[in-house]
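Read through the structure below, which is laid out as structure tokens, and then see the notes.
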Amino acid sequence: MDLIRLLPDSVANQIAAGEVIQRPSSVIKELVENAADAGASEIRIFVKDAGKTLIQVIDNGRGMSETDARMAFERHATSKIRSAEDLFSLHTMGFRGEALPSICAISQVELRTRTEDAQMGTRLVINGSKVESQEPCICEKGTVITIRNLFFNLPARRKFLKSDAGELGHIMREFERMALVNNDLRISIDTGSRSIDLRPGTMLQRINDIWKNNLNMQLIPIAVDTDLVKIHGYVSRPEFARRRNPLWHLIANGRHINHLKMHKVITGCFDNLIATDTQPCYFVKIQVDPSEIDINIHPSKNEVKLEREKEILSILGASVKAALGKFAATPQIDFDTDLVPIQAAGSEAPENPGIEVPSDYNPFDFGNAPGLVTESNSSTSRSFAHYSQSGNRNNVRNWDTLYNRFMNRQEETAREKEPLAGVLPAIEEHVSAPLKECFQYADKYIVTSTRGGLMVIDQHRAHLKILFEDCLRNVRRMEVTSQRVLFPETITLDHEQQDALARVGAELSAIGFSLEYEEENKWSIAAVPTMISQGDARETVLRILESVREESDSYGTSANPIDDIMQRMALVMARSAAIVRGRHLSPQEMETLVGQLLSLPDPSLTPSGKRIFTLLDEDRLASLLS
């Protein structure tokens with residue numbers, strides 16, 4: 001009995017849709033690319049229920065004839081190529097002929113289209129790959145394609161779509177990419193909750209129209225034109241590198257792509273220019289001969305291979321470094337080079353003036369130095385007095401001793417300025433066993449002896465766990481105290497962050513934050529929870545919103561979404577206030593930290609599941625020393 005059978009076209013299209021159409025944003029991407037290929041100068045997008053109920057794309061392009069409208073939904077039907085050789089001279093976004101048949105296989109599609117020379121247009125209705133009707137209609141030149149009930153015949157696939165907020169976030173990010181690629185077109189989107197209309201303009205104008213916040217003032221232009229590749233675009237100035245949400249946009253031959261090697265080359269040019277925990281933004285367009293780039297790697301067409309990749313990467317890196325050197329370089333002093341004083345020709349070098357210092361003078365004892373300008377003696381006209389005209393410079397105390405004394409003074413000052421006692425709650429008395437002496441290793445770990453052996457504790461994770469449990473307990477009980485800010489700090493939020501704020505504004509107020517709207521996308525922080533009153537309130541708020549944005553896919557899917565969001569808020573607040581590795585702790589601070597940790601119900605793991613401490617028992621120590 002024969003077992004191998006040919007799958008029906010409808011089933012094959014549903015299988016192909018799994019690669020081409022992953023979510024509503026994929027539909028919008030494919031339809032907008034088709035509209036751009038049709039020569040449209042204006043594209044309008046309408047979305048309902050984050051694309052699950054309705055996606056409509058309207059363009060004023062060439063339109064389609066009655067026959068083309070029907071053929072467009074056949075698998076591997078395309079107007080872009082005629083032979084395999086055409087793959088190496090592509091100037092269009094689409095070419096595979098898979099998008100429209102994949103879309104109509106998993107949705108209900110209505111198409112209205114008319115060419116410029118036709119008096120009547122065509123209306124086509126397809127339901128799950130089955131053509132229900134095709135008839136003449138009256139419509140404007142161009143194409144109107146409406147997608148309803150995406151994945152209606154694949155309930156398992158529809159079930160795994162994220163929340164509306166999550167899918168809408170994907171749609172807006174895809175819209176930003178398409179708008180940046182097609183900056184010469186007028187393109188708009190209306191999601192019901194937000195409407196954006198972008199006029200044609202230069203790449204720099206489009207960047208500022210999309211992301212606002214005077215982003216165009218933070219960018220450095222790149223422009224390189226060689227026989228091999230043309231590169232133009234912008235990278236951010238080093239001082240505007242971001243700790244979160246860096247904007248990375250790489251466009252090759254009019255197509256938004258992901259290319260790890262190019263990304264590493266661009267960001268590598270910022271080594272030693274920005275902090276290690278920040279990333280630059282870049283918007284780079286690359287144009288190469290179509291015969292030297294292969295875009296037929298994946299159905300999504302966002303991956304490419306370059307024939308002369310090594311040479312192009314070298315040119316790209318050189319162009320970014322040249323731009324940074326031209327617009328952002330600052331002179332640096334080489335402290336390893338001896339400075340030669342300028343002197344007149346033929347004159348002798350002046351002798352270095354000698355200052356005789358008393359034998360008991362401590363150069364680090366700033367409070368007792370005679371003649372020094374201090375807070376109590378602030379006259380700027382007073383000159384430094386000669387300490388002594390007698391004595392010998394060889395009598396100065398040993399510099400190693402002075403240095404050690406100075407370092408001790410610095411450590412004491414640091415501990416006085418940052419007392420841990422004001423951050424940690426009071427130590428509980430119900431610790432399972434009396435603590436023995438603690439000591440600190442590498443200013444990162446606390447080591448103490450317990451009944452089970454030698455305990456090594458990560459001080460940052462331990463404090464994070466303590467603060468998280470305390471903050472979460474107070475948030476759930478609504479016992480968080482708030483403190484007004486004397487000088488409210490203004491923060492600028494993009495549209496995704498404002499969406500996150502709208503979803504969790506009540507919870508932010510419940511935990512002690514007060515954010516007041518100023519104008520457009522600007523908010524001021526009027527009050528903060530007492531526990532972070534000495535910390536960076538702006539950084540904490542942005543981290544909370546970023547956590548909500550990143551977890552928006554799962555928000556609303558848990559049994560208790562409010563408790564879920566409160567846990568994330570508590571974790572962000574704890575991370576903002578937790579002591580860092582490298583912080584020197586006093587013996588009392590270490591005992592407080594360990595005692596508070598061991599009093600928790602579960603002191604072994606952080607909220608994210610990382611180990612807080614390890615225990616080395618006698619057998620383990622013996623095996624290590626064997």
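Residue numbers count from 1 along this sequence.
Looking only at side-chain heavy atoms (C-beta outward), Pro280 and Ile266 stay at 4.5 Å or farther from each other. With a 4.5 Å cut-off on side-chain heavy atoms, Val47 and Ile28 count as touching. Inter-residue side-chain proximity for Asn208 and Met217 is flagged as unmet; no heavy-atom pair is nearer than 4.5 Å. Side-chain contact between Val27 and Leu31: present, with at least one pair of heavy atoms (C-beta onward) separated by less than 4.5 Å. Under the 4.5 Å side-chain criterion, counting only non-hydrogen atoms from C-beta, Asn258 is not in contact with Leu260. In this structure, Ile446 and Cys438 have side chains that are in contact, with non-hydrogen atoms separated by less than 4.5 Å. Leu168 is listed as a side-chain neighbour of Ser193, based on a closest heavy-atom distance under 4.5 Å. Using a 4.5 Å cut-off on side-chain heavy atoms (C-beta onward), Ile286 and His232 make no contact.
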Show your working on side-chain contact (heavy atoms from CB on, under 4.5 Å) between Tyr445 and Ile457 and close with a plain yes or no.
CA-CA 5 Å; Tyr445 306 101; Ile457 304 170; over 6 Å; no

side-chain contact (heavy atoms from CB on, under 4.5 Å) between Gln459 and His463, intermediate numbers included:
CA-CA 6 Å; Gln459 67 184 41; His463 197 202; over 6 Å; no

Check the pair Arg611 / Ser604 against side-chain contact (heavy atoms from CB on, under 4.5 Å), numbers first and verdict last.
CA-CA 6 Å; Arg611 295 178 61 183; Ser604 58; over 6 Å; no

Show the numbers, then the answer: is there a side-chain contact (heavy atoms from CB on, under 4.5 Å) between Ile491 and Ser524?
CA-CA 6 Å; Ile491 59 174; Ser524 63; over 6 Å; no

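Atom OG1 of Thr448 and atom CG of Leu593 lie 11.5 Å apart (nearest 0.5 Å). Distance CG/Leu597 to CZ/Arg461: 12.5 Å, rounded to 0.5 Å. Rounded to the nearest 0.5 angstrom, Lys261 NZ and Leu313 CG are separated by 7.0 Å. Put simply, CZ on Phe175 and CD1 on Ile43 are 9.5 Å apart, with the number rounded to the nearest 0.5 Å. The distance from the CG atom of Leu215 to the OH atom of Tyr234 is 11.5 Å, given to the nearest 0.5 Å. Rounding to the nearest 0.5 Å gives a distance of 14.0 Å between CD1 of Ile293 and CZ of Arg308.
Nearest heavy-atom pair, Ile466 versus Gln596, reported as atom, atom and distance to 0.1 Å: CG2-CG, 3.4 Å. Scanning both residues, Ala323 and Ile222, for their nearest heavy atoms gives CB-CG1, 4.0 Å. Residue Met203 comes nearest to Phe283 through the heavy atom pair CE-O, 3.4 Å, listed as atom of the first residue, atom of the second, then distance. Nearest heavy atom pair, residue Tyr282 against residue His263, reads OH-ND1, 2.8 Å. Heavy-atom minimum distance, Ser319 versus Val224: CB-CG2, 3.1 Å. Of all non-hydrogen atoms in Lys285 and Leu180, the two that sit nearest each other are NZ-O, 3.8 Å.
Glu33 places no side-chain N or O within donor-acceptor distance of the main-chain N or O of Glu30, the cut-off being under 3.5 Å. Judged by distance alone, the side chain of Trp523 and the main-chain N or O of Gln498 form no donor-acceptor pair under 3.5 Å. Panel note: side chain Gln497, backbone Asp494; a donor-acceptor pair is recorded below 3.5 Å. Side-chain N or O atoms of Ser26 include none that pairs as donor or acceptor with a backbone N or O of Ile21 at under 3.5 Å. Remark: the backbone N or O of Arg583 is paired with a side-chain donor or acceptor of Gln440 at under 3.5 angstrom. Side chain of Asp190 to main chain of Gly192: a donor-acceptor pair is present (N/O by atom type, distance under 3.5 Å, no hydrogens or angles). At least one donor-acceptor pair under 3.5 Å links the side chain of Asn182 to the backbone N or O of Met178. Side-chain atoms of Arg237 never come within 3.5 Å of backbone atoms of Phe240 as a donor-acceptor pair (strictly under, hydrogens ignored). A donor-acceptor pair is defined here as one N or O able to donate and one able to accept, closer than 3.5 Å; such a pair exists between the side chain of Thr606 and the backbone of Lys610.
Classified by interplanar angle (parallel below 30°, tilted 30° to 60°, perpendicular above 60°), the ring pair Trp211/His249 is tilted.
Side chains of Ser195 and Asp197: no donor on one and acceptor on the other come within 3.5 Å. Side-chain contact, Glu239 with Gln218: no donor N or O sits under 3.5 Å from an acceptor N or O.
Between Ile231 and the choices Val288, Val284, Asp225, the side chain to side chain contact (heavy atoms under 4.5 Å, CB included) rule is met once, by Val284. Put simply, the residue from Asn216, Asn183, Asp184 that forms a side chain to side chain contact (heavy atoms under 4.5 Å, CB included) with Arg206 is Asn183.
By the 4.0 Å N-to-carboxylate-O rule, Glu176 lies too far from Arg173 to be salt-bridged with it. A salt bridge does not link Glu167 to Lys52: none of the charged side-chain nitrogens sits closer than 4.0 Å to a carboxylate oxygen. A salt bridge links Asp458 with Arg581: the closest approach of a Lys/Arg side-chain nitrogen to an acidic carboxylate oxygen falls below 4.0 angstrom.
Remark: Glu311 CD is packed, more than 12 non-hydrogen atoms of other residues, nucleotides or ligands lying under 6.0 Å away.
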